[in-house]
Amino acid sequence: MAGSIERIYITGVKGMLGKAIVPIFRERFHIFPENLEEIDIRTPDRVIDDICKCDPDYVLHLAAMTDVDRCEIEPDEAYKINALGTRHVALACQRADAVMVYINTGSVYNGKKTSPYTEYDPPDPISVYGRSKYAGELIVKELLSRYFVFYTCWMFGGGPLDKKFVAKIIDLAGEKNELRIVDDKFGSPTYTVDFARAVFEFLDGGLYGRYHCVNKGSASRFEVAQAILEYAGFDRCSIVPVPSAEFNLPAPRPDNESMRNYNFELLGFDLMRDWREALEEYVKGTFL
Ligand SMILES: NC(=O)c1ccc[n+]([C@@H]2O[C@H](COP(=O)([O-])OP(=O)(O)OC[C@H]3O[C@@H](n4cnc5c(N)ncnc54)[C@H](OP(=O)(O)O)[C@@H]3O)[C@@H](O)[C@H]2O)c1
């Protein structure tokens, strides 16, 4: 739509990724819902009405049940939100003739690969979260022909409102002399702002399909925690590497969910920097 401002509807806009997406997407898009109030994606009529009346060019579907342990304990709720909720959003896209953007996770892989996953490795999720998110992707593919699926992993961001891994490590390091952090699970730590910027840049080309979109490199949780404390300047708290078996968590985590942005590479796009550089910028810009 050259010359006119494009319209984008965002679900889950108040979540960690939504907070990074909104300021970046405002550069080019009129964002809906205008009041940034979430609608419950479990209610099909409401979702379809609300989205269609905004007449969006794109729908960016971020809303999800993201607590992997809660998904394992409440699988019906996980499928209601991550699979059926996605179906409602996809049906609205069908009716509004909008391009759908779905976000998926490295948790759809079984974790047995010993190098980073590419888009050509088959999903084989081992948790309810992974299975319900993969079910959402299959629904998008079944109902729509114009969609993007972006896979990402171990996101950090949120700034002063951060309640996730980075903020938890910094809070705990302020309270304790020693932290015990898992060193046998690997992922690709990814800054929400870098992810949002890359998606923003890439959408324009109309190259629909499935893409990994992570900061470069892979790391264990232990290595990420070490880097956080280094960038935050904590030297009084030591970090001890421990096996994941030490924590008896409800949901299984893949041993490896690190990814490579292989489709971007093949197309000649270099949109993501190294995870350490991104993490350093985030930690120093937020916590110092
Ligand atoms: N964070 C990661 O490391 C990561 C990695 C890979 C993929 N992803 C995917 O990226 C997307 C965004 O994740 P995020 O980290 O921003 O998650 P988040 O912070 O948990 O945000 C998810 C948002 O969805 C909302 N939501 C939950 N149930 C809903 C429902 N029934 N109806 C409407 N909204 C609902 C939540 O609202 P409430 O807070 O009120 O429940 C929250 O605002 C998700 O699709 C997630 O699966 C995330």
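Quick note: numbers below take in every heavy atom, side chains included, and nothing from hydrogens, waters or symmetry partners. Heads up: numbering here begins at 1 and tracks the sequence. Counting convention: from 1, in listed order, for ligands and their atoms alike. Small disclaimer: the values here were computed from a predicted structure and weren't measured.
Counting only residues at least two apart or on different chains, the salt bridge (Lys or Arg N to Asp or Glu O under 4.0 Å) pairs with a member in residues 154-179 are Glu178-Arg180.
The side chain to side chain contact (heavy atoms under 4.5 Å, CB included) check on Tyr262 picks up Thr118, Glu119, Tyr120, Arg260, Glu265, Leu266, with sequence neighbours excluded. Looking at residues two or more places apart in sequence or on another chain, you find no side chain to side chain donor-acceptor pair (under 3.5 Å) involving Asp67.
The cationic group of Arg28 lies under 6.0 Å from the six-membered ring centre of Phe200 and within 45° of the ring axis, placing it in a cation-pi geometry.
No more than 12 heavy atoms of other residues, nucleotides or ligands shown are found within 6.0 angstrom of CG on Asn248.
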Could you go through ligand 1 and note, for every N or O atom, any protein N or O atom closer than 3.5 angstrom, writing the atom names and distance to 0.1 Å, or 'none'?
{"unit_1": "ligand 1", "atom_1": "3 (O)", "unit_2": "Met155", "atom_2": "N", "d": "2.8"}
{"unit_1": "ligand 1", "atom_1": "16 (O)", "unit_2": "Met16", "atom_2": "N", "d": "3.2"}
{"unit_1": "ligand 1", "atom_1": "16 (O)", "unit_2": "Leu17", "atom_2": "N", "d": "2.8"}
{"unit_1": "ligand 1", "atom_1": "19 (O)", "unit_2": "Met16", "atom_2": "N", "d": "2.9"}
{"unit_1": "ligand 1", "atom_1": "19 (O)", "unit_2": "Lys164", "atom_2": "NZ", "d": "3.2"}
{"unit_1": "ligand 1", "atom_1": "20 (O)", "unit_2": "Thr66", "atom_2": "OG1", "d": "2.6"}
{"unit_1": "ligand 1", "atom_1": "24 (O)", "unit_2": "Ala64", "atom_2": "N", "d": "3.4"}
{"unit_1": "ligand 1", "atom_1": "31 (N)", "unit_2": "Asp40", "atom_2": "OD1", "d": "3.0"}
{"unit_1": "ligand 1", "atom_1": "32 (N)", "unit_2": "Ile41", "atom_2": "N", "d": "3.0"}
{"unit_1": "ligand 1", "atom_1": "43 (O)", "unit_2": "Gly15", "atom_2": "N", "d": "3.3"}
{"unit_1": "ligand 1", "atom_1": "43 (O)", "unit_2": "Glu38", "atom_2": "OE2", "d": "2.8"}
{"unit_1": "ligand 1", "atom_1": "45 (O)", "unit_2": "Leu62", "atom_2": "O", "d": "3.1"}
{"unit_1": "ligand 1", "atom_1": "45 (O)", "unit_2": "Lys133", "atom_2": "NZ", "d": "2.7"}
{"unit_1": "ligand 1", "atom_1": "47 (O)", "unit_2": "Tyr129", "atom_2": "OH", "d": "2.7"}
{"unit_1": "ligand 1", "atom_1": "47 (O)", "unit_2": "Lys133", "atom_2": "NZ", "d": "3.0"}

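Centroid-to-centroid, the aromatic rings of Tyr151 and Tyr117 stay 6.0 Å apart or farther.
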